[in-house]
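So the structure is just underneath, and the comments pick up after that.
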2 protein chains.
Amino acid sequence: MARGRKTVTIRDVAEDAGVSLQTVSRVVNGGPNVRPQLRDKVRAAIERLGYVPSLAAQRMSGSRSYIILAINDRERTLADWRERRGTDWVDQMLLGGILTCSKHGYRMMVELIDTHSDHVERELGAAISALQPDGVILTPPHSENALITGLLTERGIPFARIGSNAPGPGIALTMGDEGAAHLATARLAELGHRRIAMVAGPAQYSLSGWRIEGWKRAMRELGLPSDGLLEAGDFGYESGTRAARALLDRNPDCTAIIASSDQMALAALEVARERGLRVPEDISLISFDNTPIVRFTQPPLTAIDQPIAETVSRAVEQLIARGPDGADDAVIEVAAALVERLSTAPAPGSA
Amino acid sequence: MARGRKTVTIRDVAEDAGVSLQTVSRVVNGGPNVRPQLRDKVRAAIERLGYVPSLAAQRMSGSRSYIILAINDRERTLADWRERRGTDWVDQMLLGGILTCSKHGYRMMVELIDTHSDHVERELGAAISALQPDGVILTPPHSENALITGLLTERGIPFARIGSNAPGPGIALTMGDEGAAHLATARLAELGHRRIAMVAGPAQYSLSGWRIEGWKRAMRELGLPSDGLLEAGDFGYESGTRAARALLDRNPDCTAIIASSDQMALAALEVARERGLRVPEDISLISFDNTPIVRFTQPPLTAIDQPIAETVSRAVEQLIARGPDGADDAVIEVAAALVERLSTAPAPGSA
DNA sequence: ACAAGTCTTGAGAACGCTAACAACATACGC
DNA sequence: GCGTATGTTGTTAGCGTTCTCAAGACTTGT
């Protein structure tokens, strides 16, 4: 077996092209002061030998590591996965991240970290020390964890916080949860609905609050009361069942529900069915997330599409563009869209 | 801003513990010949300083890179993603991989690579040169690409091929596609079905062939003819529609369909509906994959669960356990299971 | 008690790359 | 034509770790 054919190093290229190591390095990194003639010669040698710089060596020599680290919540990810709920969030994040990273010669790594306070510093610290990433992407519920943002700030590593619009340290990227909830509510009102209920997410996620805000603002603007029309779940199916039942028990006149996750919307759909309510004839449903499952339910659900991939992509681009020193704070919004399917219709008796 | 607090290196630990670099290195890597007293002293220093070895430096010094690289097909992944079909496969793979990697102090990286022959060597070669992974995990359709396995063999990098049971180079991990198809077919026969059709995957994937084999073997063992009951799709929804229509046109007496992917099963479900066939009363349906969507269709689908996460986990463990030299070939099978839901029932008119 | 081993520790080189600096060539101003 | 800015190339050191090899401290057998 032709095992272990020696790796092509920068030295081999230098030799082949008849120049010094440094010149090759300059060509590889797009250095500014190289004569075109030499540059082409070096490029030819690189091509011929199939040279690719070693990431480890680059990192060692004090330059960038070309790694972006994405932090996900271990508990949630594992629960989603174990119960085969699907982890579309991870998917979207990964794909958006990988694609954008590779466009810039970077790589993305995913790390699962416990939210528990005594673990979080150890685990994140270890990951950072081992990988020395050029940037970190934080996803909920880590996005507003002061322990984490503090650690990253202290170590001088640029980071982006997904799903947060609190103008704290680092780059905050939000999907405009307030606006999205407002959009959904307004659309339902447009269809003639007056009693529009909201199944919110857990208070631990700040986006839950923003969605409630958006819903309340829309109701207020339309002169509709929102009292008694709010329930909270934990994004999971069971909590959605509980919330939908409570909501319908309390408001028999409710004709529309906005659920803060697809799972909870699915639960609401089932609760409606168990009570003999037809969707969308008797009650309309809008969910948040727009994961693949909502296209295959009966009826397919109208949903707010979370542009997770695009958001993460933007985050990566910011991180890379700003480089090691540009950790300036910023708030960026990537707009969500309403995808209308068959779970929404004019309110019963309207028009 | 307390920017850039210096990283803790092995030198700091050595100084703190009053020993040489080498001793610390030995303790960190579980070296065999260190006196317990010293070992504890060094461990205490590591703990106190929060030392974590730099991955880049470890790699540089010629030891392992502690990185496992997973290769996915770019085209398929992007298509799945763009059309929001969901990429459950990526999910499962990633999670199974990450979890097992981190258990052993490894990391997993995902790379999307084009199947096109002129790209594949360049792209994979570049990824390998840059990352220098300790092992590579190949997923279909790369698992049996001779260009890829050749390149890896030549470079002496151990690799695992997921979804292949061809006893070629490297470790082949199969989910027992032949057995799984046999299982599904036998179960349907048990329910009284005689005309059991198969919507297979594309021939490009060898597992498609194995599934056909399993189905044919079961039919043969049961003394049932299988002629005219086979159609092939490309795993996608549209191809499933075409296949199901062709199948039902040709075999009005068909009472059961096994589809080689959830998407194609969904399509078959829709085709049945459009022809006024009730599932499962008139026709039973079994799909392959068991992604999250099949739990939420009407009715929920009986499915063969692909133990992707477990398979990848096994692959990672093999790769790590064998180390840099143990590239011995092997074939490992992780059994798939049949998850019965509501799309299967006794054949019409039976019992 | 002495030679021959084994265990334990340390010193120095090496991995592949880039930063910082030095050296040389070329251009420009007067 | 000489000094100074600017462009181009090469040289050296160092990043943090592990490997190789050597030296010292213990054993053990006779």
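Hydrogens, waters and symmetry mates are skipped; everything else that's a heavy atom, side chains included, is used. Residue numbers begin at 1 in each chain, while the letters A, B, ... track the order of the sequences.
- One interatomic measurement links the two molecules: CG of N33(A) to P of dA27(C), which rounds to 15 Å at whole-angstrom precision.
- Applying the 4.0 Å criterion to OP1 and OP2 of dT9(C), one finds that S20(B) has every side-chain N and O outside that range.
- A salt bridge links R122(B) with E47(A): the distance from a Lys NZ or Arg NE/NH1/NH2 to an Asp or Glu carboxylate oxygen falls below 4.0 Å.
- Counting only heavy atoms from C-beta outward, the side chains of M109(B) and I68(B) never approach each other to under 4.5 Å.
- We find that CG of L38(A) is positioned 12 Å from C1' of dG10(D), with the value rounded to whole Å.
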Q: For each nucleotide in nucleotides 12-21 of chain C, reading 5' to 3', give B when a protein heavy atom comes within less than 4.0 Å of its base, S when such contact involves only the sugar-phosphate, and - otherwise.
A: ---BBBSBB-
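- Rounded to an integer number of Å, the gap from R35(A) CZ to dC24(C) P is 16 Å.
- Between L55(B) atom CG and dT18(D) atom P there is a gap of 11 Å when expressed in whole angstrom units.
- With V24(A) as reference, V42(A) is the one residue of V34(A), V42(A), D12(A) to meet the side-chain contact (heavy atoms from CB on, under 4.5 Å) rule.
- With hydrogens and angles left out, the side-chain atoms of Q318(A) and R314(A) include no donor and acceptor closer than 3.5 Å.
- With respect to V136(B), the side-chain contact (heavy atoms from CB on, under 4.5 Å) criterion is satisfied by exactly one of L319(B), L131(B), I157(B): I157(B).
- The pair R74(A)-E123(A) meets the salt-bridge criterion, since a charged nitrogen lies less than 4.0 angstrom from a carboxylate oxygen.
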